[in-house]
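The chain is numbered in sequence order, starting from 1. Side chains included, hydrogens not; waters and symmetry mates left out as well; all remaining heavy atoms used.
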Amino acid sequence: MKNIKLNMELSANAVNFIDDEKLQHLVKETKEDLPKARELFRKALDKKPLTVEETAVLLAIESEEGLAELFEAARELKRKVYGNRIVLFAPLYVGNHCVNNCKYCGFRKDAKGTVRKTLNRQELEAEIENLEKYGHKRLILVFGESPIYSPEFIADSVRSCYKIKVGNGEIRRVNINAAPLDVEGFRIVKDAGIGTFQVFQETYHKETYSKYHPAEDIKGDYMWRLNAMDRAFEAGIDDMGIGALFGLYNWKYEVLGLVSHALHLQDTCGVGPHTISFPRIKPAADMNLELPYEVNDDEFKRIVAVLRLAVPYTGLIMTARESEAIRDEVIAFGVSQIDAGTKLEIGGYQNQKGNKQDIRKEQFVIGDTRELDDVMHWLLEKGYIPSFCTACYRMGRTGEHFMEFAIPGFIKRFCTPNAIITLAEYLEDYSSEKTKAAGYKLIAQELEKIPESAQKEKIIANLEAVKQGTRDLRF
């Protein structure tokens with residue numbers, strides 16, 4: 001750890017915005033109040049973020065009637081803000097060396113049997129080439145916490161992603177999931193052209209955080225991690241992703257922690273989180289833990305619905321940790337992004353399709369192992385538009401500008417047309433015949449919904465251009 005060169009100085013305005021006493025009180029004392037909850041449904045449907053206290057009212061809903069209304073409000077908000085599009089991405093694990101000993105992680109320093117590897121330049125480029133051959137346009141690069149993965153190394157990896165072109169394939173957005181950096185480190189990574197930088201707090205409950213993250217580790221510093229997005233914003237990164245690992249502590253507390261974090265970023269940076277992730281803890285190599293706070297499927301559905309209503313403007317990410325069945329059910333409650341064709345093994349995209357997971361080489365067990373085209377077909381059959389859109393990021397609609405579009409719901413003016421165009425690119429270049437037929441059937445249905453206008457004419461013209469070989473058209 002002594003070789004890790006970090007300026008461990010917090011932001012000048014650093015504050016622990018997690019009021020433990022308040023959150024504990026809200027979790028224990030807030031009772032179901034359906035009239036009040038219905039007022040909050042209306043507020044959320046007007047795309048206004050909820051306070052922590054208001055979020056607690058939604059978390060207190062237990063009755064069958066109340067839960068039915070909660071889920072329907074979340075579905076309606078999803079339709080109003082994001083329409084029926086689902087953004088797709090692939091995680092690409094670059095290296096799993098780590099100096100930390102997080103007790104739940106298969107990549108922790110002392111995990112027995114874990115195969116350590118960092119992709120060299122040639123291997124990284126091979127991974128990107130294969131991802132492009134599948135049809136991916138959006139990646140999230142994942143790194144362990146190690147001196148090997150310096151800001152310069154991360155930035156260089158990002159540039160490699162953008163450089164590789166295979167046929168009509170290209171990576172148009174690279175997000176990052178890596179250890180928190182100091183301000184200068186964040187600047188170096190930003191200059192490589194990243195999209196969102198994700199840092200998950202794991203758990204917002206400080207005592208539980210200390211239980212799972214040894215104090216002598218870098219990650220053992222609760223405030224260094226809690227302050228990460230403030231430093232990222234100071235470095236110029238205005239697309240920030242936050243998340244909690246559900247199952248380490250009380251799920252209602254963690255939802256209130258995420259909402260507290262979102263409100264803090266809005267108040268101090270003027271920009272809320274671009275994405276919120278809510279993964280559940282899954283089995284990992286050499287993991288032997290008692291998990292008294294493990295989240296069941298019904299609770300997981302409530303987590304998604306409440307977050308959708310509490311933070312209307314933010315993208316909600318549901319990963320392939322979840323099973324195909326759960327993803328099929330929960331996606332309607334407000335999820336806007338999922339991964340597909342996911343391989344967690346370092347170098348996994350260079351291998352043949354359908355390979356079984358090797359937990360010694362992966363961070364955790366995934367639940368949805370379908371290939372990208374299978375996921376595309378599933379979404380189309382359910383009436384969703386699978387989207388590879390990167391237009392907002394590449395046209396400067398990020399951070400505060402994104403909020404201006406997203407909060408009033410104007411994002412649909414851009415997202416639906418861009419989703420249709422990127423779907424057509426996939427159908428022309430990569431899809432199976434059954435997916436192509438389902439895709440163009442859905443596109444025809446979407447065009448029927450759009451009133452006659454100059455925009456509709458442009459969408460139709462762009463679709464024809466895609467069929468003729470033009471790529472990367474965007475609104």
Measure from the side-chain N and O atoms of [X] to the backbone N and O of [Y], and report whether any donor-acceptor pair falls under 3.5 Å.
| X | Y | result |
| --- | --- | --- |
| Thr114 | Gly106 | yes |
| Glu132 | Val166 | yes |
| Arg394 | Ala391 | no |
| Glu127 | Tyr349 | yes |
| Thr314 | His274 | yes |
| Arg138 | Val174 | no |
| Arg308 | Leu77 | no |
| Thr118 | Gly95 | no |
| Ser146 | Val99 | no |
| Lys165 | Tyr162 | yes |

Next on the checklist: Working note: Glu345 + Lys117, criterion salt bridge (charged side-chain N to carboxylate O under 4.0 Å, His left out); need CA distance, chi angles, decisive distance, verdict.
Outcome noted: CA-CA 9 Å; Glu345 179 183 339; Lys117 182 174 178 59; over 6 Å; no

Checklist entry - Is the Tyr426 ring parallel, tilted or perpendicular to the Tyr430 ring (thresholds 30°, 60°)? => result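 Correct class here is tilted.
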
Item to check | Mutual orientation of the aromatic rings belonging to Phe143 and Tyr149 [parallel < 30°, tilted 30-60°, perpendicular > 60°] | outcome: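 If you compare the ring of Phe143 with that of Tyr149, the planes turn out tilted.
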
Item to check | Results of salt bridge (charged side-chain N to carboxylate O under 4.0 Å, His left out) for Lys206 - residues two or more places apart only | outcome: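 Result, salt bridge (charged side-chain N to carboxylate O under 4.0 Å, His left out) vs Lys206: none returned.
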
Checklist entry - Of the options Ile140, Leu181, Leu141, Leu139, which is the one that meets Ile176 in a side-chain contact (heavy atoms from CB on, under 4.5 Å)? => result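 Passing option: Leu141.
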
Checklist entry - side-chain contact (heavy atoms from CB on, under 4.5 Å) with Trp251: which of Val306, Val295, Val27, Leu256? => result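 Among Val306, Val295, Val27, Leu256, the one that satisfies the side-chain contact (heavy atoms from CB on, under 4.5 Å) with Trp251 is Val295.
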
For [X], which residues count as a side chain to side chain donor-acceptor pair (under 3.5 Å) partner, sequence neighbours excluded?
| X | answer |
| --- | --- |
| Glu64 | none |
| Lys28 | none |
| Glu76 | Arg79 |

Next on the checklist: For Glu125 and Lys163: C-alpha separation, side-chain torsions, deciding distance, then whether salt bridge (charged side-chain N to carboxylate O under 4.0 Å, His left out) applies.
Outcome noted: CA-CA 9 Å; Glu125 291 179 356; Lys163 182 182 67 176; 3.3 Å; yes

Do [Y] and [X] have ring centroids that are under 6.0 Å from one another?
| X | Y | answer |
| --- | --- | --- |
| His261 | Tyr204 | yes |
| Tyr104 | His213 | yes |
| Tyr249 | Tyr293 | yes |

Which heavy-atom pair separates [X] from [Y] by the least distance, and what is that distance?
| X | Y | result |
| --- | --- | --- |
| Asn418 | Cys389 | CB-SG, 3.3 Å |
| Lys190 | Ile237 | CB-CG1, 3.7 Å |
| Leu23 | Gly257 | CD1-N, 4.1 Å |
| Ala340 | Leu372 | CB-CD1, 3.7 Å |
| Gly272 | Leu265 | CA-CB, 4.3 Å |
| Leu67 | Ile61 | N-CG2, 3.5 Å |

Next on the checklist: Enumerate the salt bridge (charged side-chain N to carboxylate O under 4.0 Å, His left out) contacts for residues 253-263, please, sequence neighbours excluded, ordered by first and then second residue.
Outcome noted: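 Matches after skipping sequence neighbours: none remain.
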
Next on the checklist: Please evaluate residues Lys449 and Glu446 with respect to the criterion salt bridge (charged side-chain N to carboxylate O under 4.0 Å, His left out), reporting the C-alpha separation (whole Å), side-chain torsions for both, the decisive distance (0.1 Å), and the verdict.
Outcome noted: CA-CA 5 Å; Lys449 299 176 186 177; Glu446 292 299 319; 3.1 Å; yes

Any side-chain heavy atom of [X] sitting closer than 4.5 Å to one from [Y]?
| X | Y | answer |
| --- | --- | --- |
| Ile317 | Ile338 | no |
| Val87 | Tyr82 | no |
| Asp339 | Val375 | no |

Pair [X] + [Y]: basic N to acidic O under 4.0 Å:
| X | Y | result |
| --- | --- | --- |
| Lys252 | Glu299 | no |
| Arg321 | Asp368 | no |
| Glu329 | Lys301 | yes |
| Glu425 | Arg172 | yes |
| Asp110 | Lys112 | no |
| Lys219 | Asp217 | no |

Could you verify whether a donor N or O on one side chain and an acceptor N or O on the other, from [X] and [Y], lie under 3.5 Å apart?
| X | Y | value |
| --- | --- | --- |
| Thr435 | Ser432 | yes |
| Ser431 | Asp373 | no |
| His264 | Asp230 | yes |
| Asn175 | Arg173 | yes |
| Glu145 | Asn100 | yes |

Item to check | Intermediate values then yes/no, side chain to side chain donor-acceptor pair (under 3.5 Å), Glu428 and Tyr440 | outcome: CA-CA 10 Å; Glu428 291 297 318; Tyr440 276 118; 2.5 Å; yes

Checklist entry - When you look at Ser277 and Gln198, which way does the side-chain contact (heavy atoms from CB on, under 4.5 Å) test go after all the steps? => result CA-CA 9 Å; Ser277 299; Gln198 292 182 349; 4.1 Å; yes

Using a 3.5 Å cut-off and no angle test, enumerate the donor-acceptor pairs between side-chain atoms of residues 376-385 and protein atoms at least two apart in sequence or in another chain.
residue: Trp378; atom: NE1; partner: Asp328; partner atom: OD1; Å: 2.5
residue: Lys382; atom: NZ; partner: Asp328; partner atom: OD1; Å: 3.4

Item to check | Stepwise side-chain contact (heavy atoms from CB on, under 4.5 Å) test for Thr30 and Leu59 | outcome: CA-CA 8 Å; Thr30 307; Leu59 289 170; over 6 Å; no

Checklist entry - What's the verdict on salt bridge (charged side-chain N to carboxylate O under 4.0 Å, His left out) for Glu322 and Arg327, showing C-alpha distance, side-chain angles and the deciding distance? => result CA-CA 6 Å; Glu322 300 302 330; Arg327 298 229 284 183; over 6 Å; no

Item to check | Verdict with supporting geometry, Glu32 and Ser63, side chain to side chain donor-acceptor pair (under 3.5 Å) | outcome: CA-CA 8 Å; Glu32 181 168 11; Ser63 67; 2.6 Å; yes

Item to check | NZ or CZ of Arg280 within 45° of Phe300 ring axis and under 6.0 Å | outcome: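 Pair Arg280/Phe300 counts as cation-pi.
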
